[in-house]
Amino acid sequence: MQDRIKLAPSILSADFARLGEQVAEATKAGADYIHIDVMDGHFVPNITFGAPVVASLRSWTHLPLDVHLMTEQPERYISDFAVSGADIITVHVEACPHLHRTIQVIKELGVKAGVALNPASSLSMVDEIMPQVDLILIMSVDPGFGGQAFIPETLEKISRLRRMLDSRKVDAELEVDGGITINNASSIVKAGGRVLVVGTSVFNAKGGVSQALQKLREIKI
Ligand code: DX5
Ligand code: ZN
């Protein structure tokens, strides 16, 4: 069981022209994961990057690369991301009619498997798969863009998921993604979130990446 929170800076808000350096900076500043948002322009209305970017970033950090696939038919890309150095691959339940099979494929590649839920998706969608995944990602904004406001109703959903995980003794990590700031991070942790994805509030922080991560690090479970 985890006794400290994990911080996962999202490179979506980084300077893409200096991506390697920004990842190295976040690593040095004490990040736990590097969160990589892959968007296909179909599942979400935005396009970001694919597996070659993950392969390039691999040499800039020893941290686990936490790949969040916001794509339709994510099973088409899983192997490419695994080969490129992803350590965790998370797929959206809304994009996977055969979620069980998709999760097995990720695990067979030796990668940790995560499932993500959009704000309007019910926890019942992960009810059956829960014991088989390494991570459950609760979206606290509608995916597609960085810098959106945290949806407050998510807190109650996080609490419910925390209770479900604890009562069933499922050890999956509970990751929360979207709109997390120094002002709301404590309430997310109090509700049961243990991995905090932070984009804008780290890479666009006035005081810099390192200071932003240090402040978030002070939040205790
Ligand atoms: C949103 C992405 C998030 C995003 C978070 O679709 O999945 O990971 O980068 O960015 P902030 O922290 O700015 O909301
Ligand atoms: Zn994300």
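For ligands, and for the atoms within them, numbers begin at 1 and follow the listed sequence. Along the sequence shown, residues carry numbers from 1.
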Practice task
Would you mind counting protein N, O or S atoms that sit less than 2.8 Å from the Zn ion (ligand 2)?
Solution key: 4
Problem - Lys/Arg N to Asp/Glu carboxylate O, Glu21 vs Arg18, below 4.0 Å - result: yes
Handout entry: Asp32/Arg4 salt bridge by N-O under 4.0 Å criterion
Key = yes
Handout entry: Salt-bridge contact Arg58-Asp87 (side-chain N to carboxylate O under 4.0 Å)
Key = yes
Problem - Parallel, tilted or perpendicular: ring planes of His92 versus His68, cut at 30 and 60 degrees - result: parallel
Extract all N/O-N/O pairs under 3.5 Å that connect ligand 1 to the protein, and present each with both atom names and the distance rounded to 0.1 Å.
{"unit_1": "ligand 1", "atom_1": "6 (O)", "unit_2": "Gly144", "atom_2": "N", "d": "2.8"}
{"unit_1": "ligand 1", "atom_1": "7 (O)", "unit_2": "Asp37", "atom_2": "OD1", "d": "3.0"}
{"unit_1": "ligand 1", "atom_1": "7 (O)", "unit_2": "His68", "atom_2": "ND1", "d": "3.3"}
{"unit_1": "ligand 1", "atom_1": "7 (O)", "unit_2": "Asp177", "atom_2": "OD2", "d": "2.9"}
{"unit_1": "ligand 1", "atom_1": "8 (O)", "unit_2": "His35", "atom_2": "NE2", "d": "3.4"}
{"unit_1": "ligand 1", "atom_1": "8 (O)", "unit_2": "Asp37", "atom_2": "OD1", "d": "3.1"}
{"unit_1": "ligand 1", "atom_1": "8 (O)", "unit_2": "Asp37", "atom_2": "OD2", "d": "2.7"}
{"unit_1": "ligand 1", "atom_1": "8 (O)", "unit_2": "Asp177", "atom_2": "OD1", "d": "2.7"}
{"unit_1": "ligand 1", "atom_1": "8 (O)", "unit_2": "Asp177", "atom_2": "OD2", "d": "3.0"}
{"unit_1": "ligand 1", "atom_1": "9 (O)", "unit_2": "Ser10", "atom_2": "OG", "d": "2.8"}
{"unit_1": "ligand 1", "atom_1": "9 (O)", "unit_2": "Asp37", "atom_2": "OD2", "d": "2.9"}
{"unit_1": "ligand 1", "atom_1": "12 (O)", "unit_2": "Gly199", "atom_2": "N", "d": "2.8"}
{"unit_1": "ligand 1", "atom_1": "13 (O)", "unit_2": "Gly147", "atom_2": "N", "d": "2.8"}
{"unit_1": "ligand 1", "atom_1": "13 (O)", "unit_2": "Thr200", "atom_2": "N", "d": "3.0"}
{"unit_1": "ligand 1", "atom_1": "13 (O)", "unit_2": "Thr200", "atom_2": "OG1", "d": "2.4"}
{"unit_1": "ligand 1", "atom_1": "14 (O)", "unit_2": "Gly179", "atom_2": "N", "d": "2.8"}

Problem - No-hydrogen, no-angle side-chain donor-acceptor test under 3.5 Å, Thr61 and Thr27 - result: yes
Handout entry: Pair Gln132-His100, side-chain donor/acceptor within less than 3.5 Å
Key = yes
Handout entry: Electrostatic pair Arg194:Glu175 at N-O distance under 4.0 angstrom
Key = no
Problem - Residues Arg160, Glu156: salt bridge by 4.0 Å N-O rule - result: yes
Problem - Short side-chain donor-acceptor distance under 3.5 Å, Asp37 and Ser10 - result: yes
